[in-house]
Amino acid sequence: MHFSVITPSHNRRQYLPEAVASVRASISAPLDFSFEHLIYDNGSTDGTGAWLRQAAAETPNLRTWSYPEPLKAGEARNRIIRETPPDAWLVPLDDDDILLQRTLYHYADLVQRYPDAPWFVADFLRIDQDGRYLPNEDYYAWRFESPLDMLGAIFRAEHFIQGNVCYSRSLFDQVGGYDAELPMAEDLDLYVRFLLAGHLPVVSPHINHLHRFHTSNVSIGVDGEKHGEDLRAIYAKYAPQLKALGVVEPGH
């Protein structure tokens, strides 16, 4: 069993070392699996590239690439994933977040216990820019009876998913990867296609990562109205399928 942690990075020199250290600290015992951390330097101008080159020379299982111009997140993720083994399990990690030491262990345990499941969803906690826990901001994944139930909740804006997942490379390939053109919510768009393909995630109550809130978060300014716009854009892409399933368009 092999896990590939995927991280596109743009101008996160301040926080990226903690993300890298968190993956390196992953503990597999007593299970038997391998892991690596793949980072795509996406047009950074803050010294990220130079730091990554040094870190890759000193850190086992860390592989990095650089591109001079910033790409949309979906395309950057796709480029990383093309470098992973075809039988890998993929774990997204933002460049300012912290993976918990037993996250990969918990996913490996799930893979063994649910051999037919191609993706998993977990919980996460929120921290501030200095790493302090933010009370009353925890995220807990919901359990659904069917992919249709989960799709309905997503497009009613009752539930969302972001980087708190693990999915197989084969499922990723089956649905065509991330949409390289979406400016935002490329992760939710991918998960909608997982559900449309008939795959309901297995929910695990472990903590996947610490999600950092700071003044330069990519999601700064994504309020209810902006989230609604993203949902409507995703719905429009799959409207015939969603309408045939009875999933109501957001806002209706």
Side-chain angles (χ1 to χ4, degrees), residues 3 6 73-74 77 81 89-94 97 100 103 106-126 136-179 182 184-209 211 219 222-252:
F3 292 90
I6 58 172
R77 294 179 195 271
I81 292 171
W89 289 91
L90 308 177
V91 179
L93 180 70
D94 285 350
D97 290 345
L100 266 68
T103 293
H106 287 302
Y107 284 134
D109 179 59
L110 288 169
V111 170
Q112 290 185 339
R113 290 194 288 122
Y114 299 91
D116 296 326
W119 70 306
F120 307 94
V121 177
D123 303 332
F124 64 85
L125 307 180
R126 292 181 171 95
N136 304 316
E137 294 289 344
D138 299 358
Y139 171 97
Y140 299 111
W142 292 7
R143 297 180 187 274
F144 296 94
E145 293 298 320
S146 69
L148 178 58
D149 289 342
M150 191 167 181
L151 284 167
I154 287 172
F155 287 105
R156 289 192 301 269
E158 296 175 352
H159 190 62
F160 71 97
I161 324 171
Q162 49 182 58
N164 50 310
V165 299
C166 171
Y167 51 87
S168 70
R169 169 70 191 269
S170 59
L171 177 59
F172 174 87
D173 291 337
Q174 176 189 335
V175 303
Y178 289 98
D179 185 328
L182 281 178
M184 286 285 290
E186 77 288 338
D187 47 2
L188 184 57
D189 173 79
L190 179 71
Y191 309 146
V192 164
R193 277 182 279 131
F194 288 173
L195 294 167
L196 285 171
H199 299 290
L200 185 69
V202 172
V203 177
S204 175
H206 76 269
I207 305 302
N208 184 86
H209 66 283
H211 178 60
S219 57
V222 179
D223 54 12
E225 181 178 351
K226 180 62 176 69
H227 182 59
E229 291 176 4
D230 291 338
L231 286 178
R232 287 189 290 273
I234 294 172
Y235 188 96
K237 290 178 60 182
Y238 313 110
Q241 294 167 271
L242 291 168
K243 289 178 179 177
L245 292 170
V247 178
V248 178
E249 184 177 357
H252 288 70

Handout entry: Near-ring test Phe120/Tyr167, centroid separation under 6.0 angstrom
Key =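 No, they do not, as the ring centres are separated by 6.0 Å or more.
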Problem - Geometric class of the His211/His209 ring pair [parallel <30°, tilted 30-60°, perpendicular >60°] - result: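 Plane angle over 60°, so perpendicular.
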Problem - Test item: side-chain donor near acceptor, Tyr139 and Asn208, under 3.5 Å - result: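 No pair is found: no donor N or O on one side chain lies under 3.5 Å from an acceptor on the other.
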Problem - Polar contact flag, side-chain donor to acceptor under 3.5 angstrom, Asp138-Tyr140 - result: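 Yes, side-chain donor-acceptor contact under 3.5 Å.
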Out of curiosity, [X] [atom1] to [Y] [atom2], how far, rounded to the nearest 0.5 Å?
{"X": "Asn164", "Y": "Leu93", "atom1": "CG", "atom2": "CG", "result": "11.5 Å"}
{"X": "Phe160", "Y": "Trp142", "atom1": "CZ", "atom2": "CH2", "result": "10.5 Å"}
{"X": "Leu195", "Y": "Leu151", "atom1": "CG", "atom2": "CG", "result": "4.5 Å"}
{"X": "Ile207", "Y": "Leu125", "atom1": "CD1", "atom2": "CG", "result": "4.5 Å"}

Handout entry: Test side-chain contact (heavy atoms from CB on, under 4.5 Å) applied to Leu231 and Ile154, step by step
Key = CA-CA 8 Å; Leu231 286 178; Ile154 287 172; 4.0 Å; yes
If only atom types and distance count, is the side chain of [X] paired as donor or acceptor with the main-chain N or O of [Y] below 3.5 Å?
{"X": "Trp119", "Y": "His199", "value": "yes"}
{"X": "Asp189", "Y": "Ile234", "value": "no"}
{"X": "Arg126", "Y": "Glu137", "value": "yes"}
{"X": "Arg143", "Y": "Val203", "value": "yes"}
{"X": "Arg169", "Y": "Ile81", "value": "yes"}
{"X": "Tyr107", "Y": "Val91", "value": "no"}

Exercise for the section: Take Asp123 and His206 through the test side-chain contact (heavy atoms from CB on, under 4.5 Å) and record every step on the way to the result. Expected result: CA-CA 6 Å; Asp123 303 332; His206 76 269; over 6 Å; no
Practice task
Please step through salt bridge (Lys or Arg N to Asp or Glu O under 4.0 Å) for the pair Arg77 and Glu186, ending with a clear verdict.
Solution key: CA-CA 10 Å; Arg77 294 179 195 271; Glu186 77 288 338; 3.1 Å; yes
Problem - Check against salt bridge (Lys or Arg N to Asp or Glu O under 4.0 Å), Asp179 and Lys237 - result: CA-CA 11 Å; Asp179 185 328; Lys237 290 178 60 182; 2.6 Å; yes
